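One structure is given below, encoded as structure tokens.
Small disclaimer: the values here were computed from a predicted structure and weren't measured.
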Amino acid sequence: SFTTLLYMLDGNTNDAAGSAAGTLFGVTNPSFTTAGYEGQCLNLAGTSLQYMVIPPASLGQQNFTIQLWFFLNTANLSVDLGLFGQCDPY
């Protein structure tokens, strides 16, 4: 099967198909801002441990692409912050 998940993050965490909405987490909730490249964007503060979780997608045994556009407000970070992570249920 072919899976496509597209998150525009234009004021919400819904995917384009409307079937796999993301959930926001953090010490304080992440916000959306109009400072995006086009429309709104998700504004994450690393100091508040903010992140988004999406529902599991079956990507095993197939090719896949992950694409991301991001802008760092501050490049002088004292901690490592991940862009992508995987949770293996096995």
* Using the test side-chain contact (heavy atoms from CB on, under 4.5 Å), find all partners of Asn12 that sit at least two apart in sequence or belong to another chain. =>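 Counting only residues at least two positions away or on another chain, Asn12 forms a side-chain contact (heavy atoms from CB on, under 4.5 Å) with Asn14.
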
* **Leu44: partners by side-chain contact (heavy atoms from CB on, under 4.5 Å), with sequence neighbours left out** =>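 Only Pro30, Leu42, Gln50 meet the side-chain contact (heavy atoms from CB on, under 4.5 Å) criterion with Leu44.
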
* Asked: Closest heavy-atom contact between Ala20 and Pro55?
  ->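 Smallest heavy-atom distance, with atoms named: O-CD, 3.6 Å.
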
* Partners of Tyr51 by ring-ring contact (aromatic ring centres under 6.0 Å, His included), sequence neighbours excluded? ->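 Only Phe25 meet the ring-ring contact (aromatic ring centres under 6.0 Å, His included) criterion with Tyr51.
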
* Asked: Hey, is CE on Met52 packed in by over 12 heavy atoms from elsewhere, all under 6.0 Å?
  ->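 Correct, the count exceeds 12.
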
* Asked: Counting only N and O atoms by type, is there a donor-acceptor contact under 3.5 Å from the side chain of Asp15 to the main-chain atoms of Leu5?
  ->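 Absent.
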
* Asked: Given Cys41, which of Asp10, Thr33, Thr34 fulfils the side-chain contact (heavy atoms from CB on, under 4.5 Å) condition?
  ->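 Of Asp10, Thr33, Thr34, side-chain contact (heavy atoms from CB on, under 4.5 Å) with Cys41 is met by Thr33 alone.
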
* CZ on Phe32 to CG on Leu24, rounded to 0.5 Å ->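 CZ of Phe32 is found 5.5 Å from CG of Leu24.
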
